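This report concerns only the one structure given below.
None of the values given here were measured: they were computed from a predicted structure. Ligands are counted one by one from 1 in listed order, and the atoms in each one are counted from 1 as well.
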Amino acid sequence: MSSSIVTVRTIADLRGHVTGWKRDGESVGVVPTMGALHAGHLALVEAAKQRCDRVIVTLFVNPKQFERADDLAAYPRTEEADRQQLAPYGPDVLYAPTGETMYPQSFATTISVGGVSEGLCGAHRPGHFDGVATVVTKLFMQTQADVAFFGEKDYQQLQVIRRMTSDLDIPVEIVGVPTVREADGLALSSRNAYLTAAERGVAPALNRALCRVAEGLVEGQPASKLTADAIEEIRGAGFRDVDYVEVREAGTLRPIERLEGEARVLGAAWLGKARLIDNVPAFPRAAAGGNG
Ligand code: PAF
């Protein structure tokens with residue numbers, strides 16, 4: 001069954017659509033993706049549809065953000081299934097450029113964001129955030145979107161994109177959309193497809209451990225002890241390796257030991273072939289709201 005979403009592959013075709021919309025005074029939202037869509041992506045499309053007159057979903061498996069050739073080769077490519085999933089959500093255009101359109105042979109520019117891209121995934125995936133920042137900048141220039149929607153599941157990526165957009169004065173508003181989870185807490189991710197049935201049973205342990213860190217912070221316990229315990233817990237549950245569990249200030253991603261303002265507890269760990277990442281917020285009691 002084919003869908004009615006218009007698929008465009010060239011910058012000229014994309015610009016043809018966008019120019020017409022802008023001439024009519026319509027706002028344009030973009031949802032950048034690498035395909036292999038799941039309910040987390042569809043929540044981004046829903047948010048974009050609510051906020052913008054026109055919505056572009058981009059689909060491009062960006063080679064520059066993969067530090068390992070085997071990871072890039074194994075990444076799921078499911079364009080027709082993606083189109084079918086998108087159809088009921090009614091985006092105006094699926095922009096699925098070719099590799100040559102995005103990176104012609106002469107391509108020689110890299111966008112590199114300091115500060116927020118250091119540590120966490122930045123430390124374990126060298127070059128990853130340069131690749132993300134470079135492709136997202138290109139997608140912003142190509143789509144000329146007014147608003148862009150990203151999942152909070154990739155929390156460090158979201159902060160990198162916020163910093164980059166602000167530093168480069170790119171006229172696009174960045175909207176973070178809360179993580180969509182399975183009933184047992186596992187964050188939806190295209191990489192969950194790599195899990196065996198047994199690993200799928202183990203996977204929610206990552207979220208449970210991060211939530212326990214957040215609870216401990218709210219009770220006044222120090223981050224260093226809580227994160228060390230969480231790493232033990234994740235390993236004990238059956239993960240083969242833990243890249244990190246850390247507590248950071250929510251906006252700057254500066255490491256913190258005690259909860260003073262809004263914080264994020266972030267973790268990344270390996271389960272079989274899958275590297276799973278997740279994060280949860282932690283708010284000091286007074287900032288959590290309530291009537292007292
Ligand atoms: O989050 C993703 O899927 C990718 O990193 C993004 C933002 C589409 C850039 O390739």
Side-chain angles (χ1 to χ4, degrees), residues 9 11 14 29-45 47-48 55-68 71-79 81-83 85-86 91 93-99 101-103 107 109-113 116-117 120-122 124-143 145 147-165 168 170 172-181 187-194 266 268 274-279:
R9 303 208 185 265
I11 300 168
L14 180 66
V30 65
V31 178
T33 84
M34 296 204 300
L37 301 184
H38 51 64
H41 296 109
L42 300 174
L44 301 180
V45 180
V55 174
I56 302 167
V57 176
T58 73
L59 191 176
F60 180 65
V61 181
N62 173 33
K64 290 196 183 291
Q65 69 187 78
F66 288 80
E67 67 283 12
R68 291 188 355 251
D71 193 22
L72 172 62
Y75 202 83
R77 286 149 172 95
T78 55
E79 185 177 318
D82 292 342
R83 222 189 325 271
Q85 282 208 77
L86 285 170
V93 160
L94 178 67
Y95 174 51
T98 63
T101 294
M102 292 304 276
Y103 301 121
F107 190 84
T109 299
T110 301
I111 306 289
S112 190
V113 181
V116 287
S117 66
L120 304 171
C121 286
H124 291 271
R125 303 190 63 188
H128 169 68
F129 287 120
D130 286 1
V132 170
T134 303
V135 80
V136 170
T137 302
K138 284 181 69 76
L139 292 171
F140 286 170
M141 298 301 175
Q142 292 170 354
T143 61
V147 192
F149 298 81
F150 295 90
E152 286 187 351
K153 203 217 71 183
D154 297 295
Y155 193 81
Q156 187 177 16
Q157 166 174 286
L158 178 60
Q159 301 313 315
V160 168
I161 291 165
R162 285 192 196 286
R163 179 80 267 143
M164 173 193 88
T165 308
L168 297 181
I170 303 177
V172 59
E173 181 190 344
I174 306 300
V175 173
V177 176
T179 303
V180 178
R181 299 182 181 280
L188 295 195
S189 165
S190 307
R191 291 176 188 270
N192 293 352
Y194 300 160
L266 305 103
R275 182 177 185 273
L276 302 184
I277 64 171
D278 199 356
N279 67 88

Where is the nearest protein heavy atom to atom 1 (O) of ligand 1: which residue, which atom, and how far?
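Result: Q157 NE2, 2.8 Å.
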Report yes if some N/O of Q65 lies less than 3.5 Å from some N/O of ligand 1; otherwise report no.
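Looking only at distances, the answer is yes, because the N/O contact criterion of under 3.5 Å is met.
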Applying side chain to side chain donor-acceptor pair (under 3.5 Å), run through D82 and Q85 and close with a yes or a no.
CA-CA 5 Å; D82 292 342; Q85 282 208 77; 4.5 Å; no
Go through the structure and list residues passing side chain to side chain contact (heavy atoms under 4.5 Å, CB included) with L72, not counting sequence neighbours.
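Expected list: V61, P63, F66, R77.
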Distance under 4.0 Å to a non-hydrogen atom of [X]: what atoms of ligand 1 satisfy this?
X	result
T33	8 (C)
V135	9 (C), 10 (O)
P32	8 (C)

Going by the side-chain contact (heavy atoms from CB on, under 4.5 Å) test, name the single residue among I277, V160, N279 that passes it with Y155.
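Running side-chain contact (heavy atoms from CB on, under 4.5 Å) over I277, V160, N279 with Y155 returns exactly one hit, N279.
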Fit a plane to each ring of F107 and Y103, take the angle between them on a 0 to 90° scale, and name the class: parallel (under 30°), tilted (30 to 60°) or perpendicular (over 60°).
perpendicular
Should R181 and D278 count as an ion pair when the cut-off is N to O under 4.0 Å?
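Salt bridge: yes.
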